[in-house]
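Below: the structure, in structure tokens.
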Amino acid sequence: MPAGTASAPRERVRTMNVDVDVTKKLERGLLYPLRNALTQHSLDCRVKNRTTLELWPLKPRTDDIGDQDLLEVSSALSCLLSVGQQEEDELPLGLEHWRQLRFAGGKLLRMLESELGVSILPRHEVFRRIILQLRGHSDLVSKAFVALVEIFSEPDKVEKRFLQEQQKTAHMLVDWADADYGCQLLPGRRNPSKNLALKSLATVLLNGRKSSSKVCVGRRQDLSQTVRDICSREGYRVDFRGGSVVNRLLQLAADQVRGRSSSDGVIILVTGASAGPSTKQLLHTLLDLMLSQGGGWKVELWSWRICCSPIYQALAQDPNYTAVLKIRYLDPFRDLLSTTEGSRKDGDRTVEDSEKEDDEADDDDVDLCTWCLTEPAVWAFLPCNHLALCHDCLSLEDPRQLIARSPLCFVCRTPCVELRHA
């Protein structure tokens, strides 16, 4: 998308009247995703005054702005203004289904959150049933509710799919400026003190998969020493140069696919930005390249929902590319991926911090059963000796069948050989 502050040309400019409240939201951060959304129509814009938006065409477009363009701008504005609308719903869940969700130390649950685009939080227990809270954009919450009900009708399928994903190698390419700016865009306002936590970003997006490479891409003028240090510390290579960042991101992704003998891998693109028709063409080229190699390659395009270009959303719904392109939203993990400036150099509270806090809490209190989360754990995995299950939960399954199905300790993931009563 156009970099920096928009500057309207003297000719071919058209104005559009907007409400004062809309102008305020544009000035508080919404202008960036609006300009991003308009690139698919080869348009750019800026706020002229409290009630006026200026629009003009971008190259290679040669025609003037018409009434249809104004309708497109109005539609883009409406979509962006609705993104911040959050909704919550509750789904009662049997303990058996809750145990399935906690498979692989919670990584299965994180995979479902990324696929459904909502936060899934256990709230409380009622008559030995867990109440799950679904939180996210209004249209996603209702879809997630239906999807989870279907998933629990055939839980073995999602567990098998998760295990298959764990075998893949991922290549991460991060649009630094876009991902970092998205951390700051909160509903109705922008918080400039928020920054991207790179360490947690890799943990959430990889979710247990192996990483072959991690690259941060940006503009030369954005590469400060602080950014360089953070990238280096977390194992990211930096590629900050001139030109379109998102187009370079896609070119690097294509190079990864061409340079690998294996035809089975995942390209993780962290961006929602677009440079217009050229971006669309490059993404087409990347997806066609993957299909030509047998379809084993996949693209996961991770973006903040408000920053995600309609170009990506349209391609993800194209029947030719649904098998190789999936859009994932970062929003369910905002608390983990955002850091407050000055609190620490890389992350207020990382995923590792959360896991460490859980472990420390368990050390201070009685070890609770990792399945029901209510009764004291009295059965321990060997040889690590972690207390993991209560008497009631283990009575639901034969211990030998449980170890055969889940051969890793539920606490530390060490391979176990037997269960012993403490």
Side-chain angles (χ1 to χ4, degrees), residues 1-86 137-139 175 177-192 194 219 221-222 244-247 271-280 303-315 327 329 331:
M1 66 168 290
T5 303
S7 177
R10 294 182 179 180
E11 301 176 353
R12 304 175 66 197
V13 173
R14 184 159 180 179
T15 59
M16 175 179 174
N17 293 330
V18 293
D19 293 337
V20 175
D21 290 341
V22 173
T23 305
K24 289 181 179 178
K25 291 179 179 180
L26 289 171
E27 291 175 336
R28 291 173 181 170
L30 206 61
L31 185 60
Y32 173 86
L34 176 61
R35 294 179 66 203
N36 187 30
L38 295 183
T39 57
Q40 69 167 333
H41 306 294
S42 295
L43 292 174
D44 202 352
C45 67
R46 73 171 184 180
V47 175
K48 182 179 181 181
N49 54 46
R50 295 178 62 193
T51 59
T52 307
L53 196 63
E54 277 190 336
L55 308 165
W56 63 92
L58 294 171
K59 294 179 181 181
R61 177 171 172 168
T62 58
D63 59 318
D64 293 330
I65 297 175
D67 293 339
Q68 182 61 36
D69 291 310
L70 297 185
L71 291 176
E72 296 290 355
V73 176
S74 296
S75 176
L77 268 174
S78 298
C79 289
L80 291 174
L81 292 171
S82 68
V83 167
Q85 297 176 1
Q86 298 286 305
H137 190 263
S138 54
D139 63 335
D175 181 342
D178 183 80
D180 189 58
Y181 193 82
C183 291
Q184 304 173 8
L185 294 180
L186 305 176
R189 62 188 177 90
R190 178 189 173 200
N191 185 351
K194 292 289 185 179
R219 297 181 300 164
Q221 57 267 38
D222 294 333
S244 168
V245 173
V246 64
N247 287 357
T271 186
S274 162
S278 60
T279 298
K280 184 177 181 180
S303 170
W304 298 103
R305 183 177 175 85
I306 198 170
C307 295
C308 190
S309 169
I311 288 177
Y312 302 132
Q313 297 171 357
L315 278 176
I327 292 182
Y329 292 122
D331 301 68

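Contact detail for Cys307 and Tyr32: the closest heavy-atom pair is SG-CE2, 4.0 Å. The shortest non-hydrogen separation linking Arg50 to Thr23 is O-OG1, 2.6 Å. Across Lys280 and Ile311, no two heavy atoms sit closer than the pair CB-CG2, 3.9 Å. In terms of heavy-atom proximity, Cys308 sits nearest to Gln313 at O-NE2, 3.5 Å. Heavy-atom minimum distance, Gly182 versus Trp304: CA-CD1, 3.3 Å.
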_Verdict with supporting geometry, Thr51 and Val18, side chain to side chain contact (heavy atoms under 4.5 Å, CB included)_ = CA-CA 5 Å; Thr51 59; Val18 293; 5.5 Å; no

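Across Thr271, Val246, Val245, a single residue satisfies side chain to side chain contact (heavy atoms under 4.5 Å, CB included) together with Asp178, and that is Thr271. The residue from Leu26, Leu80, Leu38 that alone fulfils the side chain to side chain contact (heavy atoms under 4.5 Å, CB included) condition with Pro33 is Leu80.
A donor-acceptor pair under 3.5 Å is absent between the side-chain atoms of Ser75 and the main chain of Leu71, judged by distance alone. Counting only distance, with no hydrogens or angles, the side chain of Tyr329 and the backbone of Ile306 share no donor-acceptor pair below 3.5 Å. Of the possible polar contacts, none joining the Asp19 side chain to the Val22 backbone as a donor-acceptor pair under 3.5 Å is found.
Between the side chains of Ser274 and Asn36, no donor-acceptor pair of N or O atoms lies under 3.5 Å.
The salt bridge (Lys or Arg N to Asp or Glu O under 4.0 Å) check on Asp180 picks up nothing, with sequence neighbours excluded. Among residues two or more places apart in sequence or in another chain, the salt bridge (Lys or Arg N to Asp or Glu O under 4.0 Å) test is passed with Arg61 by Asp63, Asp69.
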